[in-house]
Every structure is written in C-alpha cells, then in structure tokens.
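Side chains included, hydrogens not; waters and symmetry mates left out as well; all remaining heavy atoms used. Please read these numbers as outputs of a predicted model, since none were measured by experiment.
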Amino acid sequence: MRKLTYYVGATIDGYIADPDGRFDFFPLEGDLMTAMIAEYPEVIPTRVRGFVGVADAPNERFDTVLMGRGSYQPALDAGDPSPYAHLRQYVFSRTLPPTDPAVEIVAGDPVAFVRTLKERPGRGIYLCGGGNLAGQLLGEIDELIVKTYPIVAGSGIPMFGAPFAPNHFARVDSRTFDTGTVSTFVRA
C-alpha cells in the first residue's frame with residue numbers, strides 16, 4: 001500500500017504560513033536546500049526544478065501530490081496552474097473550477113479519496129498542504145517530515161487545522177542544518 005507523507009516547513013510555534021497563506025519567509029538555502037534537492041527533488045515545483053539542477057530528475061519517492069486550495073492558490077496567482085507537472089496533481093476544493101487538464105479538482109471527502117488512492121499502484125503520495133487538509137487527513141498520514149525553522153510567527157496557518165485529538169508518531173530520524181532548521185522524520 002502507498003504511503004501518505006506530509007512534508008512541510010513550520011515555525012517553532014507550529015505555523016506553515018502567515019495569516020494570508022504566504023510562506024516566503026522560510027529561508028531555503030545552504031545545506032537545507034542541498035538536502036532537499038538530493039533527497040526530495042519531487043517536492044520542488046516544476047518551474048524551479050531547472051534552476052536547482054533537477055529538471056530531469058526521476059521521481060524516486062513520490063509520484064502524486066495533494067494540495068488544499070490555499071496551497072494551490074499561490075501557484076495560480078503566479079500564472080502556474082500546474083505547479084507539480086512532474087507529479088499527478090490533486091487539489092481539494094469545493095469551489096475551484098477546473099484550471100488545467102493536468103490538475104484534478106477533488107470536491108468530495110478527502111479521507112475517502114486518499115484511502116482509494118493509497119490502494120492504487122504507484123509511489124508515495126506527497127501531502128503538500130495546507131493545514132486544513134492536513135487536519136482532515138491526519139488519520140491517513142503515514143509519515144511526517146517537518147522542517148522546523150528557528151522562527152516564531154505568532155499567528156498564521158497552523159500545521160494541522162484539526163480539533164484536539166492527540167495522534168502519536170514514532171521518531172525515526174532528525175537532523176539539524178547549518179541554517180538552524182531541524183528536520184524531524186516520524187512515522188505513524
């Protein structure tokens with residue numbers, strides 16, 4: 001069965017974006033960026049892949065990406081309706097009309113959809129965000145890779161938009177980068 005991996009950057013206080021959904025305050029540089037390129041090239045948007053030398057890199061870990069409307073909107077605003085053209089793209093929204101033939105809009109239950117998706121053959125499934133979708137899919141997340149940046153935001157979009165219900169994960173690995181960012185890898 002395929003695994004759902006939530007690979008996300010967050011502040012020390014648990015926010016993945018500012019109140020307006022912007023996440024450009026997270027620095028992607030140095031050894032952190034080098035590790036992302038080497039280990040998770042699929043999470044780099046298609047239009048950026050050429051700039052960082054992975055334009056033709058094969059999909060080793062993921063072949064599918066899931067996005068909530070808020071995670072997808074910045075790409076639309078930038079004129080990029082297919083931000084992860086190297087992956088199968090699903091956007092969860094009840095109001096968004098079709099935007100690109102390579103992007104499937106899913107208006108139904110995310111949990112039922114992901115359970116069906118996990119049963120299909122293929123590589124891993126990358127949950128790009130956002131917090132609302134991650135909160136709905138919390139029980140389906142098999143792996144969580146959190147890049148915790150040494151930043152306090154104070155408010156914004158939380159990593160999980162879900163009611164209080166502790167879910168326990170087991171730490172597999174963690175690494176500290178020169179930037180001060182700590183990457184933690186846990187499994188359900």
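- Note on residues 81-102: pairs passing salt bridge (charged side-chain N to carboxylate O under 4.0 Å, His left out), not counting sequence neighbours, are Asp63-Arg88.
- Shown here for Ile157 and Gly21, the closest heavy-atom pair between the two residues is CD1-CA, 3.6 Å.
- In this structure the side chain of Pro150 reaches within 4.5 angstrom of the side chain of Thr181, judged on heavy atoms.
- Ile145 places none of its side-chain heavy atoms less than 4.5 Å from the side chain of Val8.
- Considering only heavy atoms from C-beta on, Leu133 stays 4.5 Å or farther from Met67 through its side chain.
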Using residues 162-171 as the side-chain source, report each donor-acceptor pair under 3.5 Å to any protein atom, sequence neighbours left out, with the distance given to one decimal.
{"unit_1": "Asn167", "atom_1": "ND2", "unit_2": "Ala165", "atom_2": "O", "d": "2.7"}
{"unit_1": "Arg171", "atom_1": "NH1", "unit_2": "Ser174", "atom_2": "OG", "d": "3.4"}

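- Of the possible polar contacts, none joining the Arg2 side chain to the Ile125 backbone as a donor-acceptor pair under 3.5 Å is found.
- Among residues at least two apart or in separate chains, salt bridge (charged side-chain N to carboxylate O under 4.0 Å, His left out) pairs with a member in residues 4-23 are Arg22-Asp24.
- Pairing each heavy atom of Arg49 with each of Ala57, the nearest pair is NH2-O, 2.9 Å.
- Taking every heavy atom of both residues into account, Ala153 and Tyr15 meet most closely at CB-CD1, 4.0 Å.
- Tyr6 meets the ring pair (Phe, Tyr, Trp, His ring centres under 6.0 Å) test with Phe160; sequence neighbours excluded.
- Applying the salt bridge (charged side-chain N to carboxylate O under 4.0 Å, His left out) definition to pairs two or more places apart or across chains, none involves residues 152-164.
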Intermediate values then yes/no, side-chain contact (heavy atoms from CB on, under 4.5 Å), Val91 and Thr99: CA-CA 10 Å; Val91 175; Thr99 56; over 6 Å; no

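- Applying the ring pair (Phe, Tyr, Trp, His ring centres under 6.0 Å) criterion to Phe185, with sequence neighbours excluded, gives no partner residue.
- Identified under the salt bridge (charged side-chain N to carboxylate O under 4.0 Å, His left out) test for residues 68-84, with sequence neighbours left out: Arg47-Asp80.
- Annotation: salt bridge (charged side-chain N to carboxylate O under 4.0 Å, His left out) contacts of Lys147 (sequence neighbours excluded): none.
- Val54 is connected to Val48 through a chain of hydrophobic side-chain contacts under 4.5 Å among Ile, Leu, Val, Met, Phe, Trp and Tyr, so both are in one cluster.
- With hydrogens and angles ignored, the 3.5 Å screen pairs no side-chain donor or acceptor of Ser183 with any backbone N or O of Arg175.
- With hydrophobic clusters built from ILVMFWY side chains whose heavy atoms lie under 4.5 angstrom apart, Tyr40 does not share a cluster with Ile141.
- Note that the OG1 atom of Thr5 and the CG atom of Asp142 stand 7.0 Å from one another [nearest 0.5 Å].
- Hydrophobic clustering (ILVMFWY, side-chain heavy atoms < 4.5 Å, transitive): Phe177 and Val52 are in one cluster.
- Judged by distance alone, with hydrogens and angles left aside, the side-chain atoms of Asn59 form no donor-acceptor pair with the main-chain N or O of Leu87 at under 3.5 Å.
- The shortest distance between side-chain heavy atoms of Thr11 and Tyr149 does not fall below 4.5 Å.
- Cluster membership check: Leu127 does not share its hydrophobic cluster with Met36, using side-chain heavy-atom separations under 4.5 Å among Ile, Leu, Val, Met, Phe, Trp and Tyr.
- For Tyr90, the ring pair (Phe, Tyr, Trp, His ring centres under 6.0 Å) partners at least two apart in sequence or on another chain are Phe113.
- Inter-residue side-chain proximity for Gln89 and Glu104 is flagged as unmet; no heavy-atom pair is nearer than 4.5 Å.
- When every heavy atom of Cys128 is checked against every heavy atom of Ser71, the shortest pair comes out as O-OG, 4.4 Å.
- A donor-acceptor contact shorter than 3.5 Å links the side chain of Thr46 to the backbone of Ala85.
- Contacts classified as ring-ring contact (aromatic ring centres under 6.0 Å, His included) and involving residues 49-74 (residues at least two apart or in different chains) are given here: Phe62-Tyr126.
- Counting only distance, with no hydrogens or angles, the side chain of Glu42 and the backbone of Arg61 share a donor-acceptor pair below 3.5 Å.
- Summarising the geometry of Gly131 relative to Ile16, their closest heavy-atom pair is N-CD1, 3.4 Å, with the distance given to 0.1 Å.
- The minimum heavy-atom distance between Val103 and Pro81, with the atom names listed, is CG2-O, 3.2 Å.
- Under the rule for a salt bridge (charged side-chain N to carboxylate O under 4.0 Å, His left out), the partners of Arg187 that lie at least two apart in sequence or sit in another chain are Glu143.
- Hydrophobic clustering of Ile, Leu, Val, Met, Phe, Trp and Tyr side chains at less than 4.5 Å, counting indirect connections, keeps Ile44 apart from Leu66.
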Atom pairs and distances, side-chain donor-acceptor, residues 25-34, under 3.5 Å, sequence neighbours left out:
{"unit_1": "Asp31", "atom_1": "OD1", "unit_2": "Asp178", "atom_2": "N", "d": "3.1"}
{"unit_1": "Asp31", "atom_1": "OD2", "unit_2": "Asp178", "atom_2": "N", "d": "2.9"}
{"unit_1": "Thr34", "atom_1": "OG1", "unit_2": "Gly30", "atom_2": "O", "d": "3.1"}

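- Neither side chain, Arg120 nor Thr64, offers a donor N or O lying under 3.5 Å from an acceptor on the other.
- Within a 6.0 Å radius of CZ in Phe23, no more than 12 heavy atoms belonging to other residues, nucleotides or ligands are found.
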Val111 vs Leu137, side-chain contact (heavy atoms from CB on, under 4.5 Å): CA-CA, chis, key distance, verdict: CA-CA 6 Å; Val111 172; Leu137 294 174; 4.1 Å; yes

